[in-house]
Q: 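Next up is a structure, given as structure tokens.
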Amino acid sequence: MTKNVTTNKDYVPRDISWMYFNRRILQEAERKDIPLLERLSFLGIYSNNLDEFFRVRVALLNRIAECNDKETRDERHEAIQTLKIINKLNAHYAKEYEQAIRQVEDDLRQEHICMVNDTELDDEQRKYIQQYYYQKLDGFIAPVWFSAVKDLSTAPDDSIYLAVKMRKKSDKTHPEYAMLQLPVNLVGRFVQLPDKDGNAYIMYIDDVVRCALPLIFAGLNYSVFEAYAFKFTKDAEMEIDNDLRTGLMQKISKGVKSRKKGQALRVIYDASMPRDVLKRVLGKLNIDKLDTILAAGRYQNHRDLMSFPDCGRKDLKYPKWTPVLKQELMGEGSLLAAVRQRDRYIHVPYHDFASYIRLLQEAAVHKEVKSIETTLYRLARESKVVKALINAAQNGKQVTVVIELLARFDEASNINWSKKMQEVGINVIFGVEGLKVHSKITHIGMRKGADICVVSTGNFHEGNARCYTDYMLMTANRNIVRDVAQVFDFIKQPYLPAKYKELLVSPNEMRNRFVKLINDEIKNHNTGKPAYIRIKINHITDPVMVKKLYEASANGVKIDLVVRGNCSLVTGIAGKSDNIRIVGIIDRYLEHARIFQFCAAGEDKMFIGSADWMPRNLNSRIEVVTPVYDPAIKDDLKRVIDYALRDNQQGRVVDGTGRNLPWHTGDETAPFRSQEALYEHYRDMEAEEAAQ
């Protein structure tokens with residue numbers, strides 16, 4: 001008998017859980033046992049994540065909060081309450097962040113890497129900075145008088161600005177005010193001065209410009225300068241033109257441009273900025289909400305810490321892990337034939353993404369290949385994937401590419417690649433109206449014999465494959481291949497009915513299939529059969545799936561979850577979620593693979609795919625999850641989950657409180673780090689293979 005499980009305090013809103021997740025990244029930066037330059041990188045990741053969060057999620061909440069019609073009253077109230085919590089958490093975490101920055105800088109100094117500002121230079125260093133200005137900066141800095149600025153709505157929000165107050169030495173009552181944009185995208189954020197006395201010296205470009213202010217404003221007779229950094233975050237939701245006469249590519253192009261006019265949502269400024277300067281900054285941003293104005297430290301846009309110079313100190317970074325080349329997928333033999341022989345897989349970045357590139361390159365020239373279809377969500381700047389597809393088209397293959405123009409912040413790049421592919425005759429499909437194509441699938445059609453397909457948990461993107469953990473199944477399984485082909489048919493003709501024998505596909509039947517799998521575990525447990533659920537996923541926020549997991553837990557099913565990001569579940573509720581454990585792992589790679597394991601009375605049904613358990617993934621995106629049948633691959637997927645649940649070094653408890661306590665496994669005397677253990681396993685396995 002299924003128990004009724006309802007409560008009002010068992011669901012963490014998506015955006016609150018995201019704040020908890022981002023704090024886990026900050027906590028990594030605070031750890032003394034993490035290599036020092038990696039701690040700097042985590043500080044940069046935290047800052048970058050927060051910027052995007054405000055540009056997208058907080059922007060949406062603000063729009064909802066400003067709605068006054070009766071139909072959205074409940075949503076408006078919820079958005080207002082969520083914004084209050086976000087702003088409270090943000091203010092608290094900002095203090096923690098500033099403390100972490102200071103601590104890391106102190107630790108850098110202990111390692112003879114010294115951050116110096118414009119007030120700490122000796123004569124020799126000042127001379128170097130002056131030369132640097134003339135050689136690198138002169139002509140890239142364009143100050144604008146505040147009196148000439150109408151507003152900053154069209155100014156880019158991915159930049160840092162200096163508000164400059166200047167006056168003549170003899171006149172203290174008539175200062176002038178100007179602002180300038182730091183040319184970080186042209187010269188970088190950091191300048192490394194010549195080493196001295198065994199120390200490396202690093203300056204923010206902000207301070208280099210402060211030193212150069214007399215040169216920038218030369219001839220105006222100002223002798224006293226003050227400069228204060230500020231940045232702002234704008235609403236990044238594009239205003240998509242709904243005029244059906246406008247082509248989708250034109251709509252997206254227009255929408256990308258509209259971001260320049262987004263409303264400012266958040267301002268961060270140097271806490272030492274005088275009131276008269278701050279008043280001018282806020283006036284040009286047309287912002288007056290005190291809870292979106294945050295006083296902070298001297299430097300903004302800490303995301304640049306991800307590219308902090310290593311000063312030749314490789315010992316302060318993680319040891320390099322060279323991606324493993326799988327012997328079975330390399331060499332002179334046909335990879336198409338190898339996949340037809342049995343299912344193959346790669347797990348990037350532990351394995352080299354080159355195996356997938358090689359599959360495409362072989363298909364591009366193989367005379368028996370007649371067609372290639374693939375979905376592309378994000379693309380590398382110099383994409384080998386696209387080059388292989390272009391090569392296939394040049395060789396007369398029928399190439400179809402479904403490219404998602406709405407991949408946030410990659411729209412412009414995707415548009416450019418689309419045009420290049422169309423020029424060589426590739427059939428480019430821009431998704432489905434109203435449904436974002438998020439599935440990661442490739443279909444290779446053969447003139448004779450079995451077709452093959454690829455189903456991945458992540459993008460076919462060389463850059464992502466170096467830092468995202470993703471799983472990729474290559475198979476000639478007839479039913480799976482046929483289903484993948486049908487997904488492409490659905491994308492081409494979305495109003496035709498589609499039935500899938502093997503794949504779980506949203507928005508069709510994925511949710512119902514997952515619910516059935518959970519129901520089967522409840523039934524098995526209640527009839528005395530083995531039952532458990534183990535899932536590795538990025539986000540769980542869908543209310544239906546959250547409720548279903550609570551129901552399974554309340555009925556005694558043991559549930560282990562590995563959740564990287566947003567998680568709306570609250571663990572430890574007696575009689576409801578006390579059979580649920582959740583661990584979140586932050587490490588050198590971004591955990592991204594979605595793996596689903598259901599006991600199935602001892603049969604262990606395994607699945608991988610592109611879908612998280614969020615309303616958008618299950619309701620309004622085309623997502624694909626495939627079953628995995630090969631015993632060796634199933635064992636490897638189990639190993640991935642096993643290792644994550646054993647991780648007492650990088651694991652944090654996800655319980656809905658935001659405390660992010662260290663994950664305990666019961667054997668804390670034996671340190672275990674899942675990513676390191678996986679890399680060593682794959683490396684050793686290939687070494688054994690090569691030795692045979």
Q: Taking the basic N atoms (NZ, or NE/NH1/NH2) and the acidic carboxylate oxygens, is any pair closer than 4.0 Å for Asp352 and Lys326?
A: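 Judged by the 4.0 Å cut-off on N to carboxylate O distance, Asp352 and Lys326 do not form a salt bridge.
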
Q: With the threshold set at 4.0 Å, does a side-chain nitrogen-carboxylate oxygen contact exist between Asp158 and Lys231?
A: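 A salt bridge is absent here (no side-chain N lies under 4.0 Å from a carboxylate O).
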
Q: Would you sort out whether Leu40 and Leu108 count as a side chain to side chain contact (heavy atoms under 4.5 Å, CB included), showing the intermediate values?
A: CA-CA 10 Å; Leu40 268 180; Leu108 282 171; 3.9 Å; yes

Q: Measure from the ring center of Tyr589 to the ring center of Tyr468 and say whether it is less than 6.0 Å.
A: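 Not under 6.0 Å, so no.
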
Q: Roughly how far, to the nearest 0.5 Å, is NZ of Lys384 from NE2 of His461?
A: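 So the NE2 of His461 and the NZ of Lys384 are separated by 13.0 Å.
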
Q: Within a 6.0 Å radius of atom NZ on Lys32, are there more than 12 heavy atoms belonging to other residues, nucleotides or ligands?
A: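 Enclosed.
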
Q: Does a side-chain heavy-atom distance below 4.5 Å link Met19 with Asn90?
A: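 Sidechains of Asn90 and Met19: in contact.
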
Q: Which heavy atom of Gln650 sits nearest a heavy atom of Ile586, and at what distance?
A: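 Where Gln650 meets Ile586 most closely, the heavy atoms are NE2-O, 2.8 Å.
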
Q: Okay, side chain of Arg594, backbone of Thr457: is any donor-acceptor separation there less than 3.5 Å?
A: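 Checking the backbone N and O of Thr457 against the side chain of Arg594, a donor-acceptor pair under 3.5 Å is found.
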
Q: In terms of side-chain geometry, is the basic nitrogen of Arg659 or Asp655 positioned less than 4.0 Å from the acidic oxygen of its partner?
A: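 Asp655 and Arg659: salt-bridged.
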
Q: For Glu124, enumerate each residue passing the salt bridge (Lys or Arg N to Asp or Glu O under 4.0 Å) test, keeping only those at least two apart in sequence or located in another chain.
A: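 So Glu124 forms no salt bridge (Lys or Arg N to Asp or Glu O under 4.0 Å) with any residue.
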
Q: Could you check whether atom CZ of Phe225 has more than 12 heavy atoms from other residues, nucleotides or ligands sitting under 6.0 Å from it?
A: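 Count over threshold, so yes.
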
Q: One thing to verify: whether Arg55 and Asp157 come together as a salt bridge, which I'm taking to mean a side-chain N less than 4.0 angstrom from a carboxylate O.
A: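 Result for this pair is yes, salt bridge flagged.
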
Q: Check whether any side-chain heavy atom of Phe53 lies under 4.5 Å from a side-chain heavy atom of Ile86, and answer yes or no.
A: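 Touching, per the 4.5 Å side-chain cut-off.
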
Q: Would a distance-only check, ignoring hydrogens and angles, find a side-chain to backbone donor-acceptor pair under 3.5 Å from Gln361 to Ala388?
A: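 No; zero donor-acceptor contacts below 3.5 Å.
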
Q: Let's go through Asn22 and Tyr93 carefully: what are the C-alpha distance in whole Å and the side-chain angles of both, what is the deciding distance for side-chain hydrogen bond (donor to acceptor under 3.5 Å, both in side chains) to 0.1 Å, and is it a yes or a no?
A: CA-CA 10 Å; Asn22 206 37; Tyr93 296 165; over 6 Å; no

Q: Taking it one step at a time, do Asp636 and Arg639 satisfy salt bridge (Lys or Arg N to Asp or Glu O under 4.0 Å)?
A: CA-CA 5 Å; Asp636 192 69; Arg639 181 181 297 106; 2.8 Å; yes

Q: Is any side-chain heavy atom of His681 closer than 4.5 Å to one of Glu686?
A: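 Not touching, per the 4.5 Å side-chain cut-off.
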
Q: Assert yes or no for the condition that the ring centre distance of Tyr228 to Tyr269 is strictly below 6.0 Å.
A: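 No, they do not, as the ring centres are separated by 6.0 Å or more.
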
Q: Show the numbers, then the answer: is there a side chain to side chain contact (heavy atoms under 4.5 Å, CB included) between Val208 and Tyr133?
A: CA-CA 8 Å; Val208 173; Tyr133 170 78; 5.5 Å; no

Q: When the ring planes of Tyr97 and Tyr46 are compared, do they come out parallel, tilted or perpendicular, using 30° and 60° as the limits?
A: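 Parallel, since the angle between the ring planes stays under 30°.
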
Q: With side chain to side chain contact (heavy atoms under 4.5 Å, CB included) as the criterion, how do Glu591 and Lys536 come out once you've worked through the C-alpha distance, each side chain's angles and the decisive distance to 0.1 Å?
A: CA-CA 9 Å; Glu591 294 290 341; Lys536 182 182 183 299; 2.9 Å; yes

Q: Say whether Asp107 and Gln103, considering side chains only, have a donor N or O and an acceptor N or O under 3.5 Å apart.
A: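 Yes, Gln103 and Asp107 have a side-chain donor paired with an acceptor closer than 3.5 Å.
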
Q: List the atom of Tyr682, the atom of Val324, and the distance in Å for their closest heavy-atom pair.
A: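 Looking at all heavy atoms of both residues, the shortest contact is O-CG1, 4.0 Å.
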
Q: Do Tyr161 and Phe232 have their ring centres less than 6.0 Å from each other?
A: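 Yes - the distance between ring centres of Tyr161 and Phe232 falls below the 6.0 Å cut-off.
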
Q: With a cut-off of 6.0 Å (strictly less than), are more than 12 heavy atoms of other residues, nucleotides or ligands near NZ of Lys136?
A: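 Counting neighbours around NZ of Lys136, 12 or fewer heavy atoms of other residues, nucleotides or ligands fall under 6.0 Å, so no.
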
Q: Does this structure show an ion pair linking Arg313 with Glu111, if we count only N-O contacts that are shorter than 4.0 Å?
A: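 Counted as a salt bridge, because a side-chain N and a carboxylate O are separated by less than 4.0 Å.
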
Q: What do the steps show when you test Tyr356 against Met472 for side chain to side chain contact (heavy atoms under 4.5 Å, CB included), and what is the final call?
A: CA-CA 9 Å; Tyr356 175 74; Met472 190 180 299; 3.6 Å; yes

Q: Minimum heavy-atom separation for Ser47 to His302, with atom names?
A: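 Minimum heavy-atom contact is OG-N, 3.4 Å.
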
Q: Give a yes or no on whether a salt bridge exists between Arg210 and Glu226, defined as a side-chain N under 4.0 angstrom from a carboxylate O.
A: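 Salt bridge: no.
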
Q: Would you call the rings of His347 and Tyr350 parallel, tilted or perpendicular, where under 30° means parallel and over 60° means perpendicular?
A: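 His347 and Tyr350: perpendicular rings.
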
Q: Strictly below 4.0 Å, N to O, side chains only: are Lys314 and Asp310 in salt-bridge contact?
A: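 Between Asp310 and Lys314 there is a salt bridge, with a charged N closer than 4.0 Å to a carboxylate O.
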
Q: The test is salt bridge (Lys or Arg N to Asp or Glu O under 4.0 Å); show your working for Arg588 and Glu676 and say whether it passes.
A: CA-CA 9 Å; Arg588 66 191 296 168; Glu676 183 178 39; over 6 Å; no

Q: Specify the closest pair of heavy atoms between Asp647 and Arg673, including all atoms of both residues, with the distance to one decimal.
A: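 So the two residues come closest at OD1-CA, 3.7 Å.
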
Q: Tell me, yes or no, whether the heavy-atom count around Arg466 atom CZ, taken from other residues, nucleotides or ligands under 6.0 Å, exceeds 12.
A: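 Open: at most 12 neighbouring heavy atoms sit under 6.0 Å from CZ of Arg466.
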
Q: Could you tell me the separation between the OG atom of Ser355 and the CZ atom of Arg358, rounded to the nearest 0.5 Å?
A: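 Taking OG in Ser355 and CZ in Arg358, the distance rounds to 8.0 Å.
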
Q: What I'd like to find out is whether the side chain of Lys196 reaches to under 4.5 Å of the side chain of Leu193, using heavy atoms alone.
A: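 In short, these two side chains do not touch, never coming nearer than 4.5 Å.
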
Q: To the nearest 0.5 angstrom, please state how far the CG atom of Leu678 sits from the OG1 atom of Thr469.
A: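 Answer for the CG-OG1 pair, Leu678 versus Thr469, is 9.0 Å.
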
Q: Taking side chain to side chain donor-acceptor pair (under 3.5 Å) as the test, write out the residues that go with Arg298, two or more places apart.
A: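 For Arg298, the residues satisfying side chain to side chain donor-acceptor pair (under 3.5 Å) (neighbours in sequence not counted) are Asp118, Asp207.
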
Q: With a 4.0 Å cut-off, would you call Glu30 and Arg39 a salt bridge?
A: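 Not counted as a salt bridge, because no side-chain N and carboxylate O are separated by less than 4.0 Å.
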
Q: Donor-acceptor pair, Glu98 side chain versus Lys95 backbone, under 3.5 Å?
A: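 No.
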
Q: With side chains defined as the heavy atoms from C-beta onward, is the minimum distance between Phe460 and Thr374 less than 4.5 Å?
A: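 Touching, per the 4.5 Å side-chain cut-off.
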
Q: Does atom NZ (Lys88) have a neighbourhood of more than 12 heavy atoms from anything else shown, all under 6.0 Å?
A: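 No, not enclosed.
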
Q: Check whether Trp18 forms a cation-pi arrangement with Arg57 (NZ or CZ under 6.0 Å from the six-membered ring centre, at most 45° off the ring normal).
A: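 Relative to the ring axis of Trp18, which defines the angle, Arg57 lies outside at least one limit.
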
Q: Are the side chains of Met166 and Val224 in touch, meaning some heavy atoms are under 4.5 Å apart?
A: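 Result no, sub-4.5 Å side-chain heavy-atom pair not found.
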
Q: Any salt bridge between Asp123 and Arg126, counting N to O under 4.0 Å?
A: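 No.
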
Q: Just so I know, are the side chains of Ile346 and Tyr471 near enough to count as touching, which here means a heavy-atom distance under 4.5 Å?
A: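 Sidechains of Tyr471 and Ile346: no contact.
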
Q: Return yes when atom CD of Glu96 has more than 12 non-hydrogen atoms of other residues, nucleotides or ligands closer than 6.0 Å, and no otherwise.
A: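 Yes, CD of Glu96 has more than 12 neighbouring heavy atoms, counting only those of other groups under 6.0 Å.
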
Q: Do Val209 and Ile216 have side chains that approach each other closer than 4.5 Å (heavy atoms only, starting at C-beta)?
A: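 A side-chain contact under 4.5 Å exists here.
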
Q: Can you name the salt bridge (Lys or Arg N to Asp or Glu O under 4.0 Å) partners of Arg189, sequence neighbours left out?
A: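 Partners of Arg189 by the salt bridge (Lys or Arg N to Asp or Glu O under 4.0 Å) criterion, ordered by chain and then number, come out as Asp206, Asp304.
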
Q: Short question: side chain of Asn648, backbone of Trp663 - any donor-acceptor pair under 3.5 Å?
A: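 Not at all, since once roles are kept as given, no pair shorter than 3.5 Å links the two residues.
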
Q: How far apart are the closest heavy atoms of Cys211 and Leu121, and which atoms are they?
A: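 Between these two residues, the closest heavy atoms are SG-CD1, 3.8 Å.
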
Q: Do you know the tightest heavy-atom contact between His112 and Gly198?
A: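 Closest pair (atom of His112, atom of Gly198, distance): CB-O, 3.7 Å.
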
Q: Do the ring planes of Tyr377 and His438 sit parallel (below 30°), tilted (30 to 60°) or perpendicular (above 60°)?
A: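 Tyr377 and His438: perpendicular rings.
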
Q: Could you walk me through whether Arg564 and His592 pass the side-chain hydrogen bond (donor to acceptor under 3.5 Å, both in side chains) check?
A: CA-CA 8 Å; Arg564 188 199 79 221; His592 197 250; 4.8 Å; no

